[in-house]
Protein chains: 2
Amino acid sequence: MVSIKDVAAHAGVSPGTVSNVLNRPGKVAPATRERVEAAISELGFVRHGSASTLRAGHSRTIGLSVIDIGNPFFTEVAAGVEDVSSELGYAVILGNSAGSQDKEDRNLRVLAEHRVRGVLITPSGEDPARLDRLREHGISVVLVDHPAHRPDQCAVAVDDVGGGRAAVAHLLAQGAASVAYVTGPLTIRQCVERQEGARTAMRAAGLDPAGLRVIESMTMTARAGEKAASDLIASGLPESVFCANDLLALGVLRALLRSGVRVPEDVALIGYDDIDFAAASTVSLSSMRQPTYQLGRIATELLLDECDNPETHAHQHIMFQPELVARESTQ
Amino acid sequence: MVSIKDVAAHAGVSPGTVSNVLNRPGKVAPATRERVEAAISELGFVRHGSASTLRAGHSRTIGLSVIDIGNPFFTEVAAGVEDVSSELGYAVILGNSAGSQDKEDRNLRVLAEHRVRGVLITPSGEDPARLDRLREHGISVVLVDHPAHRPDQCAVAVDDVGGGRAAVAHLLAQGAASVAYVTGPLTIRQCVERQEGARTAMRAAGLDPAGLRVIESMTMTARAGEKAASDLIASGLPESVFCANDLLALGVLRALLRSGVRVPEDVALIGYDDIDFAAASTVSLSSMRQPTYQLGRIATELLLDECDNPETHAHQHIMFQPELVARESTQ
DNA sequence: ACCCTCTAATAGAACGTTTTACTTCCTGCG
DNA sequence: CGCAGGAAGTAAAACGTTCTATTAGAGGGT
């Protein structure tokens with residue numbers, strides 16, 4: 001394996017000069033630089049990242065820990081993260097917590113061992129202590145799709161209360177007099193806040209928020225949505241349904257149409273996330289769009305700014321507003 | 001930052017012993033081991049992975065380079081890769097080539113610098129030279145969803161010719177007398193091979209393979225599928241349509257239904273990949289299922305076996321058969 | 001001619017592990 | 001009693017970079 005020394009010997013300079021060519025090309029005379037660069041490509045030298053990290057004290061790698069890489073929401077976030085990182089020459093180590101705190105802990109440990117420059121994480125629980133431990137090791141943390149735990153920390157989130165309010169306000173504006181909320185586990189922050197928003201909208205419209213019918217599923221999949229819809233049909237349909245994500249909504253939609261219920265004439269339906277398939281389903285689905293890709297991009301930019309410019313960096317708590325996308329299922 | 005030396009001092013042993021506790025716990029007396037372990041957790045020590053990699057000459061990291069992380073197909077592959085890696089204590093560096101050779105090259109370079117143990121890649125082009133360069137640096141390469149370039153290499157693929165044949169054979173068996181093939185760019189190996197399979201099936205049924213109507217789109221999205229469907233409607237509908245992936249098929253389905261064409265009564269329709277949404281759409285979509293998650297798992301197992309047991313490792317070329325999943329859209 | 005500054009390059013230590021060769025101590029056996 | 005052999009632990013040399021201090025040389029101003 002060819003090292004910096006071999007390059008140095010081949011170019012007739014010292015290893016330090018080669019290092020300068022690599023890291024501070026301005027510091028070395030043009031003629032020498034060219035000679036070194038020729039030697040590099042001639043020998044096919046590639047820098048040993050670990051040696052570099054060891055000596056320099058920091059790596060050009062960040063960690064990304066998400067809850068479910070199979071969920072289109074996180075996939076788009078990951079795409080944003082990957083794009084920015086790749087532009088700035090950073091590598092991304094991917095961790096999938098699959099909702100398990102254990103797995104998340106294991107992943108964070110791996111990231112700590114790699115001495116990543118920073119970590120982007122959508123935490124799967126509400127315990128900030130594990131993240132504080134990372135910070136003690138000098139690893140910056142930026143929260144994604146989650147409000148900040150503490151002031152000296154960046155976070156990029158979306159207003160879930162506002163989103164829930166807007167979704168239900170839209171249903172009510174379309175003339176619905178009753179609303180059901182089909183949701184995932186109410187241990188998940190997002191589900192709870194969207195529910196809270198739904199109640200706010202009802203209150204604003206002069207309805208009793210206690211009248212919100214809540215159907216809670218353990219998973220947030222289309223199958224769970226179908227199940228929820230049959231519960232609704234069995235116990236009497238509301239005039240409108242708000243689902244905590246689009247997968248649930250697509251399941252509800254399918255089960256309703258199967259049973260001869262017309263959407264939106266009999267029941268208006270709105271989802272959340274605006275995944276690609278929402279627009280493509282047969283009765284196109286209204287939804288709350290989140291700037292998913294941007295979430296990933298901005299979080300990464302904040303993280304890398306915090307790493308590369310620690311003295312000028314200002315911590316930011318960014319809160320996006322989701323955007324209502326009205327389609328056939330509500331009009 | 002606490003190092004192995006601090007731990008050694010705190011436990012009253014030498015650094016070498018701490019290293020042994022970490023890497024070969026059997027070699028150290030139980031009493032000492034406990035003392036060291038206590039020191040480790042007391043000081044909150046985490047091993048410096050780069051130092052370890054530098055000295056040991058190899059890392060516990062692999063690279064994963066895919067063509068489009070936004071595509072559910074690759075997402076599921078990634079989930080399989082991540083699960084196996086995480087079980088065996090390996091970290092995964094993610095690279096998204098987005099179909100660009102340049103970006104793929106950049107990603108491979110980053111992986112080489114990180115001295116990853118191996119690389120899993122779905123190559124975006126057909127040039128094996130770049131991958132050979134990795135091998136010269138001692139990095140094992142396993143191809144995913146792509147046949148092997150050379151015998152001394154592992155590869156995990158799916159029979160795309162067979163899949164195309166089975167899909168079209170199914171359409172013909174359902175009574176269709178004409179077939180259109182809606183595909184992505186015919187520079188993509190998978191699209192070409194599925195087309196070849198389709199022709200084989202026609203030949204086997206006594207039809208002229210030249211009668212296959214081919215509609216080629218530049219992207220493989222639902223939108224492209226809708227466009228393709230309007231082309232078909234404008235120029236006269238075939239009795240059946242085979243799509244190179246499910247996103248195209250869902251777009252075709254939607255456009256057809258919108259125009260009052262009944263599926264499957266007027267036109268039978270089959271997709272490819274069997275993504276989750278295929279089963280969830282209003283007219284559920286027939287498709288060719290690929291063992292996507294398994295693809296990721298097995299490729300990773302092969303790679304890590306090649307890395308961890310270089311002497312006993314036997315290179316394998318695995319070819320899965322896709323499985324026909326018949327749903328409403330073809331019966 | 002002398003001192004000062006500036007540029008270009010170098011030597012060599014340091015980063016935190018792993019590993020090899022070595023010491024020490026114990027145990028069992030002839 | 002002496003000695004082989006194993007177990008447990010240590011000291012010190014790597015691994016391939018980066019970085020600090022240092023040197024050598026080239027001008028430039030007085």
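Within every chain, numbering begins at 1; the chains are lettered A, B, ... in the order of the sequence lines, protein sequences first and strands thereafter.
Non-hydrogen atoms lying under 4.0 Å from DNA chain D are contributed by B/Thr32, all within residues 32-52 of chain B.
Partners of A/Val110 by side chain to side chain contact (heavy atoms under 4.5 Å, CB included), not counting sequence neighbours, listed by chain and number: A/His114, B/Ala91. With sequence neighbours excluded, the residues that form a side chain to side chain contact (heavy atoms under 4.5 Å, CB included) with B/Arg47 are A/Glu113, B/Leu22, B/Asn23, B/Phe45, B/Ser52. For the ring pair (Phe, Tyr, Trp, His ring centres under 6.0 Å) test, residues two or more places apart in sequence or in another chain that qualify with A/His149 are A/His146. In this structure B/Thr219 satisfies the side chain to side chain contact (heavy atoms under 4.5 Å, CB included) test together with B/Thr221, B/Ala224, sequence neighbours excluded. Every side chain to side chain contact (heavy atoms under 4.5 Å, CB included) that A/Arg297 has, sequence neighbours left out, goes to A/Asp83, A/Val84, A/Glu87, A/Tyr293, A/Gln294, A/Glu301.
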CA sep, side-chain torsions, deciding dist, call: A/Ile4, A/Ser19, side-chain contact (heavy atoms from CB on, under 4.5 Å) = CA-CA 8 Å; A/Ile4 221 176; A/Ser19 174; 4.2 Å; yes
Give me, pair by pair, the N or O atoms of the protein and of nucleotides 19-26 of chain C that are less than 3.5 Å apart, along with how far apart they are.
unit_1, atom_1, unit_2, atom_2, d
C/dT19, OP2, B/Arg24, NH1, 3.3

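Taking the charged nitrogens against the carboxylate oxygens, A/Arg33 and A/Glu37 have no contact shorter than 4.0 Å, which rules out a salt bridge.
The residue B/Val18 sits apart from the nucleic acid: no heavy atom pair falls under 4.0 Å.
Where DNA chain D meets chain A (any atom under 4.0 Å from a heavy atom), the bounding nucleotides read 5' to 3' are D/dG16 to D/dC19.
Residues A/Ile93 and A/Ile62 form no side-chain contact, since every pair of their non-hydrogen atoms from C-beta on lies 4.5 Å or further apart.
Looking at every heavy atom in both residues, A/Asn96 comes nearest to B/Glu82 through N-OE2, 3.1 Å.
Atom-to-atom, CZ of B/Arg60 to P of C/dT17 comes out at 17 Å; the value is rounded to the nearest Å. Note: CG (A/Leu54) to P (C/dA14) measures 14 Å, nearest angstrom.
Looking only at atom types and distance, the side chain of B/Thr61 has no donor-acceptor partner in the side chain of B/Arg117 under 3.5 Å away.
Taking the screw axis at each terminus of the helix from C/dA1-D/dT30 to C/dG30-D/dC1 from five consecutive base pairs, the angle between the two is 50° to within rounding of 10 degrees.
Residue pairs meeting the ring pair (Phe, Tyr, Trp, His ring centres under 6.0 Å) criterion with at least one member in residues 300-319 of chain A, sequence neighbours excluded, are A/His313-A/His315. Here salt bridge (charged side-chain N to carboxylate O under 4.0 Å, His left out) pairs that include residues 130-147 of chain A, with residues two or more places apart or in two chains, are A/Glu104-A/Arg130, A/Asp105-A/Arg130, A/Asp127-A/Arg130, A/Asp132-A/Arg150, A/Arg135-A/Asp152. For residues 3-16 of chain A, no pair satisfies salt bridge (charged side-chain N to carboxylate O under 4.0 Å, His left out), with sequence neighbours left out.
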